[in-house]
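So the structure is just underneath, and the comments pick up after that.
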Amino acid sequence: MTPIELIIVESTAQAIRLDLDITIHWLLEDEARETSTQRVLFREQVFPVCHARLLPSAPLDDPMRIAALPLIHKGAGEDANAGTEWSWSTWFARLGLNAPPPVGLRYANMATAIGAALQGSGVVC
């Protein structure tokens with residue numbers, strides 16, 4: 001059996017320089033398409049997560065209760081994430097909340113944002 005080497009790269013340019021046999025990319029849903037050289041492996045499901053101590057004792061069946069929790073944002077700014085699954089603006093629109101999401105902690109990458117949520121700093125989607 002031929003050994004498989006896994007290399008994690010941070011950019012398409014880096015992948016091209018390394019002359020890799022296979023690459024796996026995350027794409028926005030409207031960018032993902034099946035062609036002769038690429039296949040959709042799976043569709044992600046995004047949902048808000050937080051530490052249990054942030055959850056109120058009553059169910060979060062009212063969207064305003066979610067809006068009242070400390071929110072953690074991902075990326076350079078809400079405008080850059082418009083329409084994406086991890087954008088609080090997208091979630092607020094889906095929940096029927098007309099106000100913009102409150103400003104909160106913002107992290108450049110999802111791993112750090114999820115880590116902060118799991119430590120109890122807020123809710124991230």
Full working for side-chain contact (heavy atoms from CB on, under 4.5 Å) between W91 and V123
CA-CA 12 Å; W91 278 85; V123 183; over 6 Å; no
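- The CG atom of L18 sits 11.0 Å away from the OG1 atom of T23 when rounded to the nearest 0.5 Å.
- V124 and L54 are members of different hydrophobic clusters when ILVMFWY side chains are connected at heavy-atom separations under 4.5 Å.
- In this structure, N109 places its CG atom where more than 12 heavy-atom neighbours from other residues, nucleotides or ligands lie under 6.0 Å away.
- Here the straight-line distance linking atom SG of C50 with atom CD1 of I114 works out to 12.5 Å at 0.5 Å rounding.
- If you chain together hydrophobic residues whose side chains sit under 4.5 Å apart, L20 and I16 never meet in one group.
- Shown here is Q119, whose CD atom has no more than 12 heavy atoms of other residues, nucleotides or ligands within 6.0 Å.
- Nearest heavy atoms, H51 versus L118: CD2-O, 3.0 Å.
- For CD1 of I4, the number of neighbouring non-hydrogen atoms (other residues, nucleotides, ligands) closer than 6.0 Å is 12 at most.
- Rounded to the nearest 0.5 angstrom, I8 CD1 and Q14 CD are separated by 10.5 Å.
- The two residues W88 and I66 come nearest to each other via the heavy atoms CZ3-CG2, 4.3 Å.
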Run the side-chain contact (heavy atoms from CB on, under 4.5 Å) test on R106 and K74 for me, step by step, so that the C-alpha distance in whole Å, both residues' side-chain angles and the decisive distance to 0.1 Å come before the verdict.
CA-CA 5 Å; R106 181 171 295 282; K74 187 236 173 227; 5.9 Å; no
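- In the displayed structure, R39 atom CZ is contacted under 6.0 Å by more than 12 heavy atoms of other residues, nucleotides or ligands.
- With sequence neighbours excluded, the residues that form a side chain to side chain donor-acceptor pair (under 3.5 Å) with T37 are T35.
- Looking at every heavy atom in both residues, P101 comes nearest to L71 through CB-CD1, 4.0 Å.
- When the side chains of ILVMFWY residues are joined at heavy-atom separations under 4.5 Å, either directly or via intervening members, V9 and M110 end up in two distinct hydrophobic clusters.
- Pairing each heavy atom of A67 with each of F92, the nearest pair is CB-CZ, 3.7 Å.
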Tell me, with the steps shown, if C125 and V49 meet side-chain contact (heavy atoms from CB on, under 4.5 Å).
CA-CA 6 Å; C125 60; V49 295; over 6 Å; no
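- Note: the hydrophobic cluster containing Y107 also contains F47 (ILVMFWY, side chain heavy atoms under 4.5 Å, direct or indirect links).
- Between the side chain of H73 and the main chain of P102, a donor-acceptor pair closer than 3.5 Å is present.
- Once rounded to the nearest 0.5 Å, the distance linking OG1 of T112 with CG of L105 reads 12.0 Å.
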